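Below, chains carry the letters A, B, ... as their sequence lines are ordered, and counting in each starts from 1. Not measured: the values here are computed from a predicted model.
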Protein chains: 2
Amino acid sequence: MTRRTAGPLYQRIADDLRARIQDGSLPPGAKLPTELALAKEHGVTRATVRQAVQLVVNEGLVVADRPRGHFVRKIERITYRPQEEWRERPDFPELDQFMDEQVELGRDPHQTIAVELTAAPPDVAARLGLDSIGTVVVRRRVRYLDGVPFNTNDSYYPLDLVEGSEIMLPADIGRGANQVLAELGAEQTHAVDEIEIRMPSPDEAERLEIGLGVPVAMHRATGYTADGRPVRVVRNVLPGDRHLIVFERSRGRDSTTPSSNAHP
Amino acid sequence: MTRRTAGPLYQRIADDLRARIQDGSLPPGAKLPTELALAKEHGVTRATVRQAVQLVVNEGLVVADRPRGHFVRKIERITYRPQEEWRERPDFPELDQFMDEQVELGRDPHQTIAVELTAAPPDVAARLGLDSIGTVVVRRRVRYLDGVPFNTNDSYYPLDLVEGSEIMLPADIGRGANQVLAELGAEQTHAVDEIEIRMPSPDEAERLEIGLGVPVAMHRATGYTADGRPVRVVRNVLPGDRHLIVFERSRGRDSTTPSSNAHP
DNA sequence: CAGTGGTCTAGACCACTCG
DNA sequence: GAGTGGTCTAGACCACTGT
């Protein structure tokens with residue numbers, strides 16, 4: 001942490017706040033001094049203090065809880081393992097995988113499911129190899145943990161592949177949508193995971209109750225059958241303050257250089 | 001894009017800017033109207049316009065290029081494949097892998113290398129299984145593409161493992177540090193990749209020339225030998241506007257559930 | 001009701017780049 | 001030298017929360 005001794009006033013005030021957070025005198029969850037108090041302390045107007053506070057808010061260090069005050073952000077991440085979707089499931093699971101794992105950890109998960117028929121958005125169409133009029137089935141899920149929205153999970157399937165199947169029903173699929181796909185003759189043997197880091201759109205921020213200063217990961221997974229046909233695209237939006245993405249890899253032949261069907 | 005018809009003025013102005021960016025009337029690279037022009041257009045003061053502009057800047061949609069004006073951000077990402085570090089390399093490579101791949105793509109890469117001996121930072125110590133006084137060798141690299149800093153790559157090795165080896169020299173290792181480790185009797189057979197999404201610290205922002213509104217991914221890779229001993233931790237800081245992280249996976253036994261040595 | 005942050009105005013001066 | 005955004009002041013009113 002480089003301490004500034006010159007430069008704009010608001011930067012110096014922000015430096016001071018960061019230092020207090022880092023050295024523990026303002027621990028996670030602590031309430032910051034009020035804007036008025038900071039103004040008096042530094043001999044500036046409230047407007048200048050607000051610039052400083054805005055800065056640390058946009059860095060994700062501090063959250064505004066209006067009108068109680070500003071507080072040091074508490075961060076608690078769950079581990080998100082894209083590879084686990086291919087883990088063996090119990091023979092008669094009652095919940096889907098996300099729910100299942102979280103219950104094991106003593107959390108209270110639930111999710112909303114909506115199914116929709118639309119034209120494939122461009123990124124999905126490109127990965128599914130569909131032309132511009134390709135119709136897809138989308139399963140949109142919002143997942144909650146202890147009442148807080150945690151991530152969104154939108155799965156896209158070519159309509160002709162899943163028409164009439166369980167995938168089109170807005171309900172949990174205990175054995176997993178991938179299992180249903182396999183039963184439909186489209187078993188997936190490999191997948192490509194893409195992770196894009198950016199700030200959320202206003203829509204995403206609202207849907208996931210994301211505050212300022214929290215970026216998201218857009219995780220896209222494209223699943224392929226043995227003959228290289230893409231049969232599924234999943235778009236996950238993961239708020240950065242609530243997720244740690246984990247992959248494991250071995251030096252085996254099949255997990256290093258699959259070489260084909262790579263996107264983009 | 002939900003258009004607002006009520007609410008704070010600056011939000012409405014920001015909505016208007018977003019809409020113009022999304023519908024193409026302000027394409028990537030285009031110059032926004034000046035703050036004064038926007039103020040007149042919307043019948044508000046410059047301070048209010050600045051709030052609106054700050055918002056879209058912090059969303060990463062717009063960059064300030066002072067004092068020329070504000071411009072719509074152009075985003076161009078390179079593909080970053082953690083698994084590729086285990087790709088077969090040419091017998092007599094002259095450059096390291098990052099450089100090599102980028103030259104193939106017609107870019108001009110270079111990197112700075114500094115080697116340092118320090119106590120292991122807590123996150124590294126935890127992953128290497130070292131106690132609080134464990135000493136490590138750090139190879140710090142900053143990688144540039146066409147003169148722009150692209151990412152940082154700090155590799156940590158237990159001192160007793162690499163002492164006296166090529167790893168301690170601040171120069172490119174054509175055949176790769178992993179190959180050197182193997183020659184030292186510490187061949188890695190599997191690894192855990194962790195990806196954390198957050199806003200950059202002021203230090204990181206400066207080192208990587210990151211503007212407001214650009215989050216980073218912290219990618220940590222921990223490499224293990226066949227007997228499960230961690231021998232290397234790499235910390236990569238990847239600015240979100242310049243990277244797309246890609247993994248590929250097969251449904252084979254070894255790439256799905258390695259189960260042991262997982263962090264955290 | 002008091003205290004907090006959120007929004008907005010009106011104005012001032014500065015540093016830097018470009019023509 | 002004109003024009004841009006960056007910084008800062010002084011003041012006002014509002015909406016919401018907790019007591």
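- Salt-bridge check for A/Glu204 with A/Arg198: passed, with a basic side-chain N closer than 4.0 Å to an acidic carboxylate O.
- The aromatic rings of A/His243 and A/Phe150 sit perpendicular to each other, their planes meeting at more than 60°, with 30° as the lower class boundary.
- Among residues two or more places apart in sequence or in another chain, the side-chain contact (heavy atoms from CB on, under 4.5 Å) test is passed with B/Leu32 by B/Leu17, B/Leu26, B/Val62, B/His70, B/Val72.
- Scanning for side-chain hydrogen bond (donor to acceptor under 3.5 Å, both in side chains) contacts around B/Glu209 gives an empty result, with sequence neighbours left out.
- Only B/Thr34, B/Glu35, listed by number, bring a heavy atom of residues 29-44 of chain B to less than 4.0 angstrom from any atom of DNA chain D.
- Counting to the nearest Å, the C1' atom of D/dT4 and the NE2 atom of B/His70 are 10 Å from each other.
- Within 6.0 Å of NZ in A/Lys31 there are more than 12 heavy atoms belonging to other residues, nucleotides or ligands.
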Expected rows: protein N/O vs nucleotides 15-19 of chain D N/O, under 3.5 Å:
{"residue": "D/dA15", "atom": "O4'", "partner": "A/Arg66", "partner atom": "NH2", "Å": "3.4"}

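- Rounded to an integer number of Å, the gap from CG of B/Asp65 to C1' of C/dA15 is 14 Å.
- Screening residues 108-122 of chain A for salt bridge (charged side-chain N to carboxylate O under 4.0 Å, His left out), with sequence neighbours left out, gives A/Glu116-A/Arg140.
- A salt bridge between B/Asp146 and B/Arg107 is present, with a side-chain N of the basic residue lying under 4.0 Å from a carboxylate O of the acidic one.
- Checking side-chain atoms of A/Arg77 against main-chain N and O of A/Ile245 turns up no donor-acceptor pair under 3.5 Å.
- A salt bridge between B/Asp16 and B/Arg12 is absent, with no side-chain N of the basic residue lying under 4.0 Å from a carboxylate O of the acidic one.
- In terms of phosphate contacts, B/Tyr10 brings a side-chain nitrogen or oxygen within less than 4.0 Å of OP1 or OP2 of C/dT7.
- In terms of position on DNA chain D, the residue among A/Pro8 and B/Gly69 whose nearest nucleotide sits closer to the 5' end is B/Gly69.
- Only A/Arg46, A/Arg50, listed by number, bring a heavy atom of residues 46-55 of chain A to less than 4.0 angstrom from any atom of DNA chain C.
- Using a cutoff of 4.0 Å between basic side-chain nitrogens and carboxylate oxygens, B/Glu85 and B/Arg232 are scored as salt-bridged.
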